[in-house]
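In what follows, a single structure is set out as structure tokens and then discussed.
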Amino acid sequence: MKNMKKKGDIMTNTGWNFDNSYARLPKLFYKNMNPTPVKSPQLIILNQSLAKSLGLNPDKLQSEDAIAVFAGNKIPEGAEPLAQAYAGHQFGHFNMLGDGRAILLGEQITPQGERHDIQLKGSGRTPYSRGGDGRAALGPMLREYIISEAMHSLGIPTTRSLAVVTTGEGVARETYLPGAILTRVAGSHIRVGTFQFAVNFGSADDVRTLADYTIKRHYPDIKEDANRYLALLEEVIKRQADLIAKWQLVGFIHGVMNTDNMTISGETIDYGPCAFMDTYDPATVFSSIDEQGRYAFGNQPYIGLWNLTRFAETLVPLLHEKQEEAIKIAENALSEFAMLFQSNWYAGLRAKLGIFNEEKKDEELIKVLLDMMEEYRADYTNTFRALTIDKLENTVLHDKEEFKQWYQQWQERLNRQEESKEASLNLMKKSNPAVIPRNHRVEEALKAAVNGDFSVMERLLNILSNPFAYTPEQEEYCKLPEPSNIPYRTFCGT
Ligand code: AMP
Ligand code: MG
């Protein structure tokens, strides 16, 4: 009867059910180590619905023992904590990186048999910390929580946030700030930079081992393909073309699309300097260090391809025994990206305009609208929202002659399709969020939270949990910030 108590039994314990496949990779890829314990952990926020979907018991997760796990003070049964090694091109420059302030506890196997990385971010120094303190501050960890969960609710593949705890310790930034640890959940943390690390610091066998591991974990369907490494490249290109199109469709600016911040799973990762755009302008940049606008809104698809090209380079030795042939194969696969991205993006924009079928002239209709939005500095989200609810009075486009013409053409376009006006409206409602995490709202919530009032953040999270609801309560959150002469700025490594 000794084995009656199952490891992941949600009734009798928190439900942790770890497997540690990453820890079976060659030692080169990680350092076994525990998080550095902290003084006095306190639970700030727990994602109850995510906990449940992971097979965890939300009530038990609020016990002192469970909070100690989120703080890195206790290692849950079955976990084999480690810091992952990776490299990456940061703003175009290659560097050795790695988890400088994160520890992977292991992979939670859900009751459905899914595998998710459970990682503590802000958990202390590691051999990859370089000059950093290995820690994180409360504001930025809650910011990641809010935005990553908003992205999830918008239907965009992303890492997620299970919990934030404060550490009871201060972190030194420009001033002393309350320290915190975020528990991040991800399909995996394998990055383009993980492959770059393998190529630069490992052997040919290490690259192959990593590629086979990645295929098994994320793309099991291609395992038997004649050239499975080409299939891997094609799949990653597809996922990124899908992901980046989704970003563009909601006005999300990642802000630091370094190759170490691009996942092989196709999930959005690294919520440092990201932010949503208000006014439509492809040149929008929020990150304080992105002086050249490398990661500006309109550049994201091009940077996506640049990063995928770095990924393809790591696979060259696996694609064909002759290098020349391998390069041709890689180039051919990469040449698909632009078409894939564009077709996702146009499909998304058609849906945003309530259009079901395809007409060649749709591209022109879309271009004219976006050009007008740029010229008259229209709010991106609210323009599509106004078209959806047909309340254009308060938009800057409303009284413009060329907009009236465009509107006429759009109506004619809708009349040319078989689907009813009602069906179009429903499609628009599903495709145009009424609310996004607007910067001033996020800042307001963080300011209150850091001062001990979590109600503003909870309300914001609630509003963002169904961005397509179009409820009266959401209206307040559609409002733009007061005009300001100080541009909104975001930061890395906070
Ligand atoms: P990021 O800009 O967040 O993608 O981080 C780039 C690299 O810096 C990664 O290797 C991080 O682990 C590392 N890093 C960021 N902040 C810290 C910190 N406070 N302490 C140690 N390493 C850090
Ligand atoms: Mg990063």
Side-chain angles (χ1 to χ4, degrees), residues 29-31 33 35-36 38 72 81-104 117 119-141 143-145 147-148 151 158-161 164 167 169-182 184-197 200-201 243 253-265 267-275 285-291 294-295 303 307 310-311 489-494:
F29 286 103
Y30 57 88
K31 293 273 187 298
M33 62 177 296
T36 310
V38 299
L82 56 87
Q84 293 180 326
Y86 54 86
H89 277 91
Q90 297 181 298
F91 290 89
H93 302 285
F94 184 77
N95 285 313
M96 172 60 206
L97 300 164
D99 287 336
R101 55 164 169 176
I103 294 287
L104 177 71
D117 271 9
Q119 192 203 58
L120 302 182
K121 179 170 171 184
S123 52
R125 285 180 53 81
T126 75
Y128 312 114
S129 297
R130 297 172 293 164
D133 62 1
R135 293 298 184 189
L138 177 60
M141 292 306 99
R143 192 169 187 278
E144 169 154 352
Y145 188 109
I147 302 185
S148 64
M151 292 286 274
T158 177
T159 64
R160 297 193 60 191
S161 299
V164 174
T167 58
E169 298 172 6
V171 294
R173 296 293 180 257
E174 269 172 19
T175 57
Y176 258 92
L177 300 170
I181 297 172
L182 171 90
R184 177 156 74 181
V185 179
S188 83
H189 286 82
I190 306 168
R191 309 143 189 269
V192 168
T194 316
F195 280 81
Q196 292 181 293
F197 168 80
N200 283 277
F201 302 98
L243 178 68
I253 303 173
H254 183 283
V256 62
M257 287 177 73
N258 296 333
T259 55
D260 51 300
N261 295 331
M262 180 183 263
T263 59
I264 300 300
S265 67
E267 288 175 345
T268 311
I269 196 172
D270 203 314
Y271 289 89
C274 64
V285 172
F286 292 115
S287 170
S288 56
I289 58 168
D290 190 3
E291 283 159 14
R294 179 180 170 92
Y295 300 139
I303 292 294
N307 290 348
R310 304 288 81 75
F311 178 53
R489 281 278 162 266
T490 57
F491 303 91
C492 291
T494 48

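Values reported hereafter were calculated over all heavy atoms of this structure, with side chains retained and with hydrogens, waters and symmetry mates removed. On a predicted model such as this, the values are computed, not experimentally measured, just so you know. Throughout, numbering of the chain's residues begins at 1 and tracks the sequence. Read the numbers this way: they start at 1 and go in the same order the structure lists the ligands and their atoms.
- With sequence neighbours left out, the ring pair (Phe, Tyr, Trp, His ring centres under 6.0 Å) criterion links Phe311 to Phe195.
- Side-chain contact of Tyr271 with Thr158: a donor-acceptor pair under 3.5 Å is present, judged by distance alone.
- With no hydrogens or angles considered, a side-chain donor-acceptor pair links Thr259 and Gln196 at under 3.5 Å.
- Neighbours of the Mg ion (ligand 2) restricted to protein N, O or S atoms under 2.8 Å: the count is 2.
- Judged by distance alone, the side chains of Ser148 and Ser161 do bring a donor and an acceptor atom under 3.5 Å apart.
- With sequence neighbours excluded, no residue forms a side-chain hydrogen bond (donor to acceptor under 3.5 Å, both in side chains) with Thr126.
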List, pair by pair, the atoms of ligand 1 and of the protein that are both N or O and lie under 3.5 Å apart, giving the separation rounded to 0.1 Å.
| unit_1 | atom_1 | unit_2 | atom_2 | d |
| --- | --- | --- | --- | --- |
| ligand 1 | 3 (O) | Asp270 | OD2 | 3.0 |
| ligand 1 | 4 (O) | Asn261 | OD1 | 3.2 |
| ligand 1 | 4 (O) | Asn261 | ND2 | 3.2 |
| ligand 1 | 4 (O) | Asp270 | OD2 | 2.7 |
| ligand 1 | 8 (O) | Arg130 | NH2 | 3.0 |
| ligand 1 | 10 (O) | Gly98 | O | 2.6 |
| ligand 1 | 12 (O) | Gly98 | O | 3.2 |
| ligand 1 | 12 (O) | Gly100 | N | 2.8 |
| ligand 1 | 16 (N) | Arg101 | NE | 3.2 |
| ligand 1 | 19 (N) | Asp133 | OD1 | 3.0 |
| ligand 1 | 19 (N) | Arg135 | O | 3.3 |
| ligand 1 | 20 (N) | Asp133 | N | 3.4 |
| ligand 1 | 20 (N) | Gly134 | N | 2.8 |

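- In this structure, a donor-acceptor pair under 3.5 Å is present between the side chains of His189 and Asp117.
- For Tyr176, the OH atom counts as loosely surrounded, since its 6.0 Å shell holds 12 or fewer non-hydrogen atoms of other residues, nucleotides or ligands.
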Evaluate the salt bridge (charged side-chain N to carboxylate O under 4.0 Å, His left out) criterion for residues Glu144 and Lys121: first the C-alpha distance (whole Å), next the side-chain angles of each, then the deciding distance (0.1 Å), finally the verdict.
CA-CA 11 Å; Glu144 169 154 352; Lys121 179 170 171 184; 2.7 Å; yes

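- For Asp99 and Tyr30, the side-chain atoms include no donor-acceptor pair closer than 3.5 Å.
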